[in-house]
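This report refers to the structure that appears directly beneath it.
Treat the numbers as computed from the prediction; the structure is a model and nothing was measured.
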Amino acid sequence: MAKIQAIRGMNDILPEQSPVWQYVEDTVRKVLSQYGYQEIRMPVVEQTELFKRSIGEVTDIVEKEMYTFDDRNGDSLTLRPEGTAGCVRAAEQHGLLFNQTRRLWYTGPMFRHERPQKGRYRQFHQIGVECFGMAGPDIDAELLILTARLWQALGLAEHTRLEINSIGTAEARRSFRSALVEYLSDFVDELDDDSKRRLESNPLRILDSKNARTQEILQQAPALDDYLDDESKEHFQTLRSLLEAAGVQYTVNPRLVRGLDYYGKTVFEWITDSLGAQGTVCAGGRYDGLVEQLGGKPTVAVGFAMGLERLILLLETLDLIPESVNGDADVYVTAMGESTMATAFSVAESLRSALHGRVVISHCGGGSFKSQMKKADKSGARYAVILGENEVASGTVGLKPLRSNEDQRDIGMTELASVLKGMLA
Ligand code: ATP
Ligand code: MG
């Protein structure tokens with residue numbers, strides 16, 4: 001019988017890759033908690049309606065990328081394609097937004113039926129951040145300052161650049177949209193197919209078309225900037241000066257729009273030039289209208305999501321993963337003969353109590369001295385603790401360095417932990 005394979009575009013993350021994932025997740029988690037962000041965990045499945053109402057009916061995601069199915073009750077459910085909608089739903093449902101500000105983050109898998117390619121998958125992982133109840137550009141700036149700190153921590157500061165834009169209020173976008181459609185209607189035949197379709201459904205998205213001819217046509221198009229309302233202009237101006245004061249470099253990209261309907265005012269993307277076409281590692285913006293649109297009290301909000309696969313791909317491409325991120329053990333405790341097993345466990349337990357954050361592996365499964373030492377070596381451990389019947393009888397162990405030419409030596413079991421602590425430091 002043919003073996004069953006994983007679904008195309010949905011990846012297993014194997015034990016060898018986990019240390020890198022944990023390194024990235026831990027780094028992000030540390031930075032977020034330094035800024036007082038709290039974690040929220042939402043279900044992976046929501047009512048389909050939630051995404052239709054938030055992301056927008058005529059977006060790529062809702063039109064053609066969602067995993068939607070009827071459950072056994074006949075309800076239409078969808079595997080979440082992004083986290084913002086669910087986060088808003090949860091925060092609203094549990095009264096987290098009532099008369100208070102919130103800084104939240106979450107992580108987990110997202111699902112989109114896209115064409116799988118490097119940096120683009122059908123199940124992928126995001127870390128998302130959502131801030132509620134803060135209207136000013138200060139929180140927008142904080143999000144960007146925070147991400148800049150994260151790039152610093154990951155060694156990516158030189159490899160990412162920030163593009164920002166303001167897409168104004170819904171009214172501003174409406175007048176701009178009419179002007180844009182009017183201008184583009186003279187060029188309908190020359191537009192790429194996606195853009196033709198979007199002319200009716202979502203004309204703003206034409207601005208970030210990758211098609212060369214479409215971009216050429218757009219050169220003379222009306223500029224969103226000219227339609228911005230005063231409040232959005234001022235908001236954007238203050239954001240810019242806050243970023244400048246904080247030393248966060250950026251460029252204004254007047255063509256930057258986001259693919260989801262709920263954004264307004266600030267939008268931004270962190271882009272890398274080292275991953276080809278899938279260069280956006282983090283993207284977000286302000287979505288002041290969404291909470292109300294989903295039935296909540298008007299609550300302003302701003303957030304972003306970063307793609308973990310792309311981030312990890314970038315770190316690997318640039319060889320920026322610290323050597324210490326390797327999943328190696330520190331100590332491997334052998335046990336030669338059945339009568340030594342109980343003592344071996346007690347030695348290993350005492351090491352785990354004394355050596356915080358160190359990996360101590362107990363050999364299980366018996367075998368010859370040679371085969372146990374082979375496993376010790378393979379574990380990446382720096383030291384093997386050698387324990388046979390003689391050692392048990394004399395209350396000592398053999399301590400064998402595995403990564404240097406130093407000699408093996410005998411050490412009393414009671415001293416072992418403190419000796420190893422010093423040697424591993
Ligand atoms: P893109 O323009 O690359 O399709 P997007 O605008 O659809 O991105 P968002 O919905 O804003 O992306 O998601 C935020 C981030 O999540 C992206 O910048 C990217 O890093 C990551 N991401 C989005 N879709 C995928 C995917 N299919 N596979 C892997 N990562 C993804
Ligand atoms: Mg996309």
Side-chain angles (χ1 to χ4, degrees), residues 24 28 31-32 37 51 54-56 59-62 65 80-88 104-112 114 117-121 124-131 137 139-151 154 156-157 159-167 173 202 204-205 207-210 224 236 239 243 248-288 290 301-314:
V24 173
V28 180
V31 169
L32 287 169
Y37 286 65
F51 301 115
S54 54
I55 297 168
T59 55
D60 283 354
I61 294 180
V62 173
E65 296 174 1
R80 62 179 183 195
E82 54 99 58
T84 304
C87 184
V88 169
L104 304 176
W105 71 272
Y106 50 82
T107 184
M110 307 293 161
F111 304 84
R112 297 183 194 176
E114 303 197 68
Q117 53 195 294
K118 187 177 157 208
R120 196 176 289 287
Y121 312 99
F124 61 99
H125 297 76
Q126 287 183 337
I127 290 186
V129 169
E130 318 290 351
C131 299
I139 187 68
D140 306 28
E142 178 177 287
L143 287 178
L144 295 169
I145 292 169
L146 170 167
T147 24
R149 176 181 287 273
L150 175 66
W151 308 143
L154 292 170
L156 288 174
H159 307 279
T160 48
R161 55 192 169 79
L162 173 62
E163 292 191 353
I164 61 175
N165 192 22
S166 177
I167 58 172
R173 282 196 303 285
N202 200 350
L204 256 58
R205 273 291 262 182
L207 294 185
D208 72 353
S209 162
K210 304 276 187 290
L224 178 51
F236 195 53
L239 171 62
L243 292 178
V248 176
Q249 287 179 15
Y250 65 86
T251 53
V252 176
N253 174 357
R255 298 266 156 77
L256 182 65
V257 287
R258 304 279 308 121
L260 300 77
D261 272 0
Y262 49 63
Y263 288 112
K265 286 187 179 159
T266 312
V267 292
F268 57 84
E269 289 191 0
W270 285 96
I271 301 165
T272 177
D273 297 318
S274 310
L275 286 184
Q278 268 59 253
T280 305
V281 288
C282 174
R286 187 161 272 284
Y287 52 97
D288 290 344
L290 181 61
V302 58
F304 66 73
M306 60 183 129
L308 286 177
E309 279 81 359
R310 285 188 200 175
L311 214 49
I312 287 167
L313 209 54
L314 182 59

message: Run the side chain to side chain donor-acceptor pair (under 3.5 Å) test against Arg255 and tell me which residues pass, sequence neighbours left out.
response: Gln215

Side-chain heavy atoms of Val129 within contact of Leu143, under 4.5 Å: yes

- request: Work out which heavy atom in Pro137 is nearest to a heavy atom in Leu239; give both atom names and the distance.
  value: CB-N, 3.8 Å

task: Ignoring hydrogens and angles, tell me if any N or O in the side chain of Thr272 forms a donor-acceptor pair with the backbone of His159 under 3.5 Å.
output: yes

- prompt: Are any side-chain N or O atoms of Gln278 and backbone N or O atoms of Lys118, one a donor and one an acceptor, separated by less than 3.5 Å?
  reply: yes

Heavy-atom closest pair, residues Arg205 and Val257: CA-CG2, 4.2 Å

field: Side chain proximity check, Leu243 to Ile164, heavy atoms < 4.5 angstrom
entry: yes

field: Atom pair OG1 (Thr147) and CH2 (Trp270), whose distance is rounded to the nearest 0.5 Å
entry: 5.0 Å

statement: Leu162 and Phe268 have their tightest heavy-atom pair at CD1-CB, 4.0 Å

message: I need the Thr266 OG1 to Leu144 CG distance, nearest 0.5 Å.
response: 8.5 Å

message: Walk me through whether Tyr37 and Glu142 qualify under side chain to side chain donor-acceptor pair (under 3.5 Å).
response: CA-CA 11 Å; Tyr37 286 65; Glu142 178 177 287; 2.5 Å; yes

task: Start with the C-alpha gap between Val281 and Leu156, add the side-chain angles, then the distance that decides, and say whether side-chain contact (heavy atoms from CB on, under 4.5 Å) holds.
output: CA-CA 11 Å; Val281 288; Leu156 288 174; over 6 Å; no

field: Side-chain heavy atoms of Asn253 within contact of Glu269, under 4.5 Å
entry: no

message: Please enumerate all residues that pass side chain to side chain donor-acceptor pair (under 3.5 Å) together with Glu130, with sequence neighbours excluded.
response: Thr84, Tyr106, Tyr287

Check: Arg112 side chain, Pro81 main-chain N or O, donor-acceptor pair, under 3.5 Å: yes

message: If you compare all heavy atoms of Val248 against all heavy atoms of Ala148, which two are closest, and at what distance to 0.1 Å?
response: CG2-CB, 4.1 Å

- prompt: Does Arg310 reach the main-chain N or O of Thr280 with its side chain, forming a donor-acceptor pair under 3.5 Å?
  reply: yes

Nearest heavy-atom neighbours spanning Ser274 and Leu314: CB-CD1, 3.7 Å

message: Ignoring hydrogens, what is the shortest heavy-atom contact between Met110 and Gln126? Give both atom names and the distance.
response: CG-OE1, 3.7 Å

- prompt: So do Pro254 and Leu224 actually touch side chain to side chain, heavy atoms under 4.5 Å?
  reply: no

field: Validation row: Cys87, Leu104 side chains within 4.5 angstrom (heavy atoms)
entry: yes

message: For a 4.5 angstrom cut-off between non-hydrogen side-chain atoms, does Met306 reach Leu150?
response: yes

message: I'd like to check Pro109 versus His125 (side-chain heavy atoms, cut-off strictly below 4.5 Å). Are they in contact?
response: yes

task: Mind checking the CG-CG spacing from Leu313 to Leu308? Nearest 0.5 Å is all I need.
output: 12.0 Å

- request: State whether the side chain of Asn165 and the backbone N or O of Val252 hold a donor-acceptor pair below 3.5 Å, judged by distance alone.
  value: no

task: State plainly whether the residues Arg161 and Asp273 are in salt-bridge range, i.e. N to O under 4.0 Å.
output: yes

query: Do the side chains of Leu311 and Trp151 get nearer than 4.5 Å, heavy atoms only?
result: yes

